[in-house]
**Student:** 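The structure under discussion is supplied below as structure tokens; questions concerning it will follow.
Letters A, B, ... are given to chains in the order of the sequence lines, protein chains preceding strands, and every chain is numbered from 1.
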2 protein chains.
Amino acid sequence: MNTVENNNNYEENARFLKALAHPTRLHIVELIRDKEPCVKVMEEVLGVSQANVSQHLTLLRHLNIVEAKRTGNQVCYRIKNPRVLKLMDMLTDQ
Amino acid sequence: MNTVENNNNYEENARFLKALAHPTRLHIVELIRDKEPCVKVMEEVLGVSQANVSQHLTLLRHLNIVEAKRTGNQVCYRIKNPRVLKLMDMLTDQ
DNA sequence: TTAGTATATTAAGTTATTCGAATATTTGAA
DNA sequence: TTCAAATATTCGAATAACTTAATATACTAA
């Protein structure tokens, strides 16, 4: 492993952590973790605007942390990168 | 657990992740992990300015992630919150 | 088609991060 | 003392992240 590779790892990992370093996005991930909720449901549980939920979801999607699946009218989300589950576990056990 | 408590947890966890969501700070934590390097050494290894290292260290100190110990002229750092080690492990194993 | 529901995108304003430069503080050694 | 080395702090400018509001898109049902 040379310096450049290390550097890239730090940057990639920093991007990953940054994507989750927001209370709403942490909450979203926890919601998605067990079920596969659609945006409308998340909007209600989170208590933030539809646009805001959608923006956070877009960010998580672009980082391959979650993925979307359209079913008719609605779009449901699920975890794509299982690494995020380990992270959530780490945060959970006090 | 009520909504407020949940909210606080998300915010606290988000603050924790945000503190680490920077390539230089991830690198710093990895350096501190094994040894207890002083600022001068970190500055050289990281290849960033002294002021910048110090700024990142201050941030990590304020979040109780690392702690400082002065020895004469120099200040050495070590991990204070062991939780960060779990996080680093999680990032490391591919 | 048209209307309604669900979701996504864009734009604009605000706040937060980041970094470099300059300066201050602390300590040891002469 | 005085100087030099190590570290910390402050300030300002650039950039990034966040939120709200408005609008666009996708789909369903009538």
**Student:** So B:Val53 and B:Val45, do their side chains get closer than 4.5 Å, heavy atoms only?
**Tutor:**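 The answer is no; the side chains never approach within 4.5 Å.
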
**Student:** Under a 4.5 Å cut-off applied to non-hydrogen side-chain atoms, are A:Leu87 and B:Leu17 in contact?
**Tutor:**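 In contact.
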
**Student:** Please list all pairs meeting side-chain hydrogen bond (donor to acceptor under 3.5 Å, both in side chains) that have one or both residues in residues 16-25 of chain A, counting only residues at least two apart or in different chains.
**Tutor:**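 Every side-chain hydrogen bond (donor to acceptor under 3.5 Å, both in side chains) pair that includes a residue of residues 16-25 of chain A, provided the two are not neighbours, is A:Arg25-A:His56.
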
**Student:** Excluding sequence neighbours, so at least two apart, what forms side-chain hydrogen bond (donor to acceptor under 3.5 Å, both in side chains) with B:Asn64?
**Tutor:**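 Partners of B:Asn64 by the side-chain hydrogen bond (donor to acceptor under 3.5 Å, both in side chains) criterion, ordered by chain and then number, come out as B:Lys80.
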
**Student:** What is the distance, rounded to the nearest whole Å, between atom NZ of A:Lys69 and atom P of D:dC27?
**Tutor:**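 Interatomic distance, NZ of A:Lys69 to P of D:dC27: 15 Å.
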
**Student:** Tell me the salt bridge (Lys or Arg N to Asp or Glu O under 4.0 Å) pairs involving residues 62-73 of chain B, sequence neighbours left out?
**Tutor:**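 Applying salt bridge (Lys or Arg N to Asp or Glu O under 4.0 Å) to every pair that reaches into residues 62-73 of chain B, excluding sequence neighbours, yields B:Glu67-B:Arg78.
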
**Student:** Between B:Ala19 and B:Leu60, which heavy-atom pair has the shortest distance, and what is it?
**Tutor:**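 Taking every non-hydrogen atom into account, O-CD2, 3.8 Å.
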
**Student:** Can you tell me if B:Ser49 touches the phosphate of C:dA21, counting only side-chain N or O atoms and a distance under 4.0 Å to OP1 or OP2?
**Tutor:**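 No.
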
**Student:** Does B:Ser54 use its side chain to pair, donor to acceptor, with the backbone of B:Gln50 at less than 3.5 Å?
**Tutor:**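 Side chain of B:Ser54 to backbone of B:Gln50: no pair is present.
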
**Student:** Do any N or O atoms of the protein come closer than 3.5 Å to N or O atoms of nucleotides 26-30 of chain C, and which pairs are they?
**Tutor:**
from   : atom 1 : to      : atom 2 : distance (Å)
C:dT27 : O2     : B:Asn73 : OD1    : 3.3

**Student:** Please evaluate the base of C:dA8 for a donor-acceptor partner in the side chain of A:Gln50 within a cut-off of under 3.5 Å?
**Tutor:**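 When only heavy-atom distances are counted, A:Gln50 does reach the base of C:dA8 through a donor-acceptor pair under 3.5 Å.
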
**Student:** Name all pairs fulfilling the side-chain hydrogen bond (donor to acceptor under 3.5 Å, both in side chains) condition that reach into residues 34-48 of chain A, sequence neighbours left out, sorted by first residue then second.
**Tutor:**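 side-chain hydrogen bond (donor to acceptor under 3.5 Å, both in side chains) check on residues 34-48 of chain A returns no pairs.
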
**Student:** Tell me: CG of B:Leu46 to C1' of C:dC19, nearest whole Å?
**Tutor:**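 It is 15 Å, rounded to the nearest whole Å.
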
**Student:** Going by side chain to side chain contact (heavy atoms under 4.5 Å, CB included), name the residues that satisfy it together with A:Leu85, two or more places apart in sequence or in a different chain.
**Tutor:**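 Here the qualifying residues are A:Arg33, A:Ile79.
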
**Student:** Could you tell me the separation between the CD atom of A:Gln74 and the P atom of C:dG4, rounded to a whole number of Å?
**Tutor:**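 The distance from CD of A:Gln74 to P of C:dG4 comes to 19 Å, rounded to the nearest Å.
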
**Student:** Which atom pairs link the protein and nucleotides 16-19 of chain D when you take only N or O atoms and keep those under 3.5 Å?
**Tutor:**
from   : atom 1 : to      : atom 2 : distance (Å)
D:dC18 : OP1    : A:Arg25 : NH2    : 3.4
D:dC18 : OP2    : A:Arg25 : NH1    : 3.3
D:dT19 : OP2    : A:Asn52 : ND2    : 3.4
D:dT19 : OP2    : A:His56 : NE2    : 3.2

**Student:** Compute the angle between the rotation axes at the two ends of the helix from C:dT1-D:dA30 to C:dA30-D:dT1, each taken over five pairs, rounded to 10 degrees.
**Tutor:**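 About 10° separates the two local helix axes.
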
**Student:** Grab the OH-P distance between A:Tyr77 and C:dA6 for me, whole Å please.
**Tutor:**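 Rounding to the nearest Å, OH of A:Tyr77 and P of C:dA6 are 15 Å apart.
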
**Student:** Name all residues meeting the side-chain hydrogen bond (donor to acceptor under 3.5 Å, both in side chains) criterion together with B:Asn81; count only those two or more places apart in sequence or in a different chain, and write none if there are none.
**Tutor:**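 Per chain and number, B:Asn81 pairs via side-chain hydrogen bond (donor to acceptor under 3.5 Å, both in side chains) with no residue.
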
**Student:** Using atom CZ of B:Arg15 as one end and atom P of C:dT17 as the other, report the distance to the nearest whole Å.
**Tutor:**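 Result: 11 Å.
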
**Student:** Please enumerate all protein N or O atoms sitting under 3.5 Å from an N or O of nucleotides 13-15 of chain C, with distances to 0.1 Å.
**Tutor:**
none

**Student:** Restricting to pairs with a member in residues 67-88 of chain B, which pass ring-ring contact (aromatic ring centres under 6.0 Å, His included), not counting sequence neighbours?
**Tutor:**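 Listed once each, the pairs would be none.
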
**Student:** Does A:Lys86 have any salt bridge (charged side-chain N to carboxylate O under 4.0 Å, His left out) partners at least two apart in sequence or in another chain, and if so, which?
**Tutor:**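 For A:Lys86 the salt bridge (charged side-chain N to carboxylate O under 4.0 Å, His left out) partners, ignoring immediate neighbours, are B:Asp93.
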
**Student:** At under 4.0 Å, does any side-chain N or O of A:Thr58 touch on OP1 or OP2 of C:dT9?
**Tutor:**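 It does, given that an N or O in the side chain of A:Thr58 lies less than 4.0 Å from OP1 or OP2 of C:dT9.
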
**Student:** Using modelled atom types and a 3.5 Å cut-off, is there a donor and acceptor pairing between side-chain atoms of B:Arg83 and backbone atoms of A:Leu91?
**Tutor:**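 Confirmed, B:Arg83 side chain pairs with A:Leu91 backbone.
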
